[in-house]
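Have a look at the structure below, then the notes.
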Amino acid sequence: MQEKTLVLIKPDAVAKNHIGDIIKIYESNGLRVIAAKMMQMTDKLAAKHYVEHIGRPYYEGLVEFMTSAPLVAMVLKGEGAIAKVRELNGKTNPAEAAEGTIRKLYAENGSRNAVHASDSPESAAREIPLFFSAAEIFD
Ligand code: CDP
Ligand code: MG
């Protein structure tokens, strides 16, 4: 099934000049970029995007990191895109991520971990409109 998923290239990977390296991995695995923008996340957007993490011990540090510098938000489209992107990203903590995954290659640690991707169709449907209007998505 053709799916859409939200990807964020997080501030650590942007600062280290890995935007192109990361997009290359998605594109060479059959995914298409149908929306993209560089932006700095606000506290308000972080609270919406990470709503299920509010109250967790890492939440404040996560928001501080995500709002600290620009990120690149994208919508990727492709066959089974949601699971495929999660697999290409690798596990949350790069120490546990498989060889060749984006997090194994580029993440600093389990917080500054290079990329975000929606984890289910419900998450993708909730997250994409937080970052993009319908007119910004070239489906
Ligand atoms: O991003 P992913 O879905 O793989 O992981 P998550 O468990 O949904 O957590 C969301 C984000 O919170 C992670 O990607 C990390 O940036 C951060 N996090 C953290 O800083 N420390 C943790 N113990 C767990 C998550
Ligand atoms: Mg998650």
Side-chain angles (χ1 to χ4, degrees):
M1 195 192 11
Q2 286 287 315
E3 291 177 330
K4 296 194 253 306
T5 190
L6 180 81
V7 168
L8 304 177
I9 302 178
K10 295 186 179 183
D12 59 322
V14 172
K16 289 174 162 174
N17 237 13
H18 290 311
I19 297 170
D21 297 322
I22 290 170
I23 292 177
K24 182 80 191 166
I25 291 172
Y26 296 133
E27 289 186 332
S28 59
N29 281 277
L31 295 153
R32 178 165 289 274
V33 179
I34 61 166
K37 67 171 77 160
M38 182 176 272
M39 62 183 291
Q40 191 152 359
M41 196 181 238
T42 60
D43 285 351
K44 195 175 161 189
L45 179 54
K48 288 182 186 166
H49 178 65
Y50 283 123
V51 64
E52 66 199 26
H53 301 273
I54 292 173
R56 303 274 170 83
Y58 55 83
Y59 178 74
E60 285 188 16
L62 173 61
V63 173
E64 191 165 321
F65 161 54
M66 291 297 293
T67 59
S68 65
L71 56 74
V72 174
M74 301 186 287
V75 179
L76 300 187
K77 183 177 180 181
E79 192 61 33
I82 294 167
K84 189 183 276 189
V85 170
R86 295 282 295 187
E87 195 178 321
L88 292 170
N89 284 2
K91 289 203 175 162
T92 308
N93 187 335
E96 295 167 10
E99 288 300 325
T101 60
I102 291 168
R103 282 167 165 168
K104 185 71 172 189
L105 287 166
Y106 303 123
E108 286 175 27
N109 54 49
S111 180
R112 300 171 64 88
N113 58 0
V115 280
H116 164 86
S118 307
D119 64 7
S120 65
E122 296 71 27
S123 297
R126 188 184 73 79
E127 292 172 359
I128 289 169
L130 296 178
F131 291 84
F132 295 98
S133 69
E136 292 173 324
I137 300 172
F138 297 87
D139 196 351

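Read the numbers this way: they start at 1 and go in the same order the structure lists the ligands and their atoms.
Not one N or O of His116 is nearer than 3.5 Å to an N or O of ligand 1, by distance alone. Residue Ser111 places at least one N or O, backbone or side chain, under 3.5 Å from an N or O of ligand 1. On a distance-only criterion, Glu52 and ligand 1 share no N/O pair closer than 3.5 Å. Of the polar atoms of Asn113, at least one N or O is found under 3.5 Å from an N or O of ligand 1, judged by distance alone. Looking at Arg86 next to ligand 1, an N or O pair under 3.5 Å apart turns up.
Closest approach of Thr67 and Ala46 over heavy atoms only: CG2-CB, 4.3 Å. Contact detail for Tyr59 and Tyr50: the closest heavy-atom pair is CE1-O, 3.9 Å. Between Leu31 and Leu88 the shortest heavy-atom distance is CD1-CD1, 3.8 Å. Residues Glu136 and Phe131 come closest through the heavy atom pair OE1-O, 4.0 Å.
Short contacts between ligand 1 and Arg103, defined as distances under 4.0 Å to a heavy atom of the residue, involve ligand atoms 1 (O), 2 (P), 4 (O), 14 (O). Counting the atoms of ligand 1 from 1 in the order shown, those under 4.0 Å from a heavy atom of Leu62 are 12 (O), 16 (O), 17 (C). Which parts of ligand 1 touch Gly110 is read off a 4.0 Å heavy-atom cut-off, strictly below it: atoms 15 (C), 16 (O), 18 (N), 19 (C), 20 (O).
Within the 4.0 Å heavy-atom shell around ligand 1 one does not find Arg56. The shell of residues lying under 4.0 angstrom from ligand 1, judged by heavy atoms, excludes His49. Heavy atoms of Met66 stay at 4.0 angstrom or farther from ligand 1.
Lys104 NZ: more than 12 foreign heavy atoms inside a 6.0 Å radius.
Salt bridge annotation for Lys4-Asp139: present, with a cationic side-chain nitrogen under 4.0 angstrom from a carboxylate oxygen. Between Lys84 and Glu3 no salt bridge is recorded (no basic side-chain N to carboxylate O distance below 4.0 Å).
Counting only heavy atoms of the protein, atom 4 (O) of ligand 1 lies nearest to Thr92 OG1, 2.6 Å. With respect to atom 9 (O) of ligand 1, the closest heavy atom belonging to the protein is His53 CE1, 3.4 Å. Looking only at protein heavy atoms, the nearest one to atom 18 (N) of ligand 1 is Tyr58 CD1, 3.6 Å.
For Tyr106 and His18, the distance between ring centers is under 6.0 angstrom.
Looking at Lys91 against ligand 1, nothing comes within 4.0 Å, counting heavy atoms.
Within the model, atoms CD1 of Ile128 and CD1 of Ile137 stand 6.0 Å from one another, a figure rounded to the nearest 0.5 Å.
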Could you go through the side chain to side chain contact (heavy atoms under 4.5 Å, CB included) check for Lys77 and Gln2 one step at a time?
CA-CA 7 Å; Lys77 183 177 180 181; Gln2 286 287 315; 3.7 Å; yes
